[in-house]
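It should be emphasised that the depicted structure is a prediction, and the values quoted were computed from it without experimental measurement.
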Amino acid sequence: LDNDMLDRKLAAGELQPITGRRPGDLPFIAAALAHLARSERRSGGTDPGQGHRSGWRQAARVGSLRSGRWS
């Protein structure tokens, strides 16, 4: 790598914009990120000890203590 690398790549035509490309997975990624943001707002954050999963987690802990199994 050197300072003239971009100039050489531009002159050789290596840095041309991509045309005619389909969006691919971008809309799905954007939808997943939007869903994650909405669910975080509803649950009050990303703390693993809070939210709708904490009841399941607590029940699993209590169950494992009752059965005498430690993971």
- Task: Using the test salt bridge (Lys or Arg N to Asp or Glu O under 4.0 Å), find all partners of D7 that sit at least two apart in sequence or belong to another chain.
- Result: none

- To the nearest 0.5 Å, atom CZ of R38 lies from atom CG of L36 at 10.0 Å

- Applying side-chain hydrogen bond (donor to acceptor under 3.5 Å, both in side chains) to N3 and not counting sequence neighbours gives none

- Residues in side chain to side chain contact (heavy atoms under 4.5 Å, CB included) contact with L10, at least two apart in sequence or another chain: L15

- Item | Distance (rounded to the nearest 0.5 Å) between Q16 CD and K9 NZ | 12.5 Å

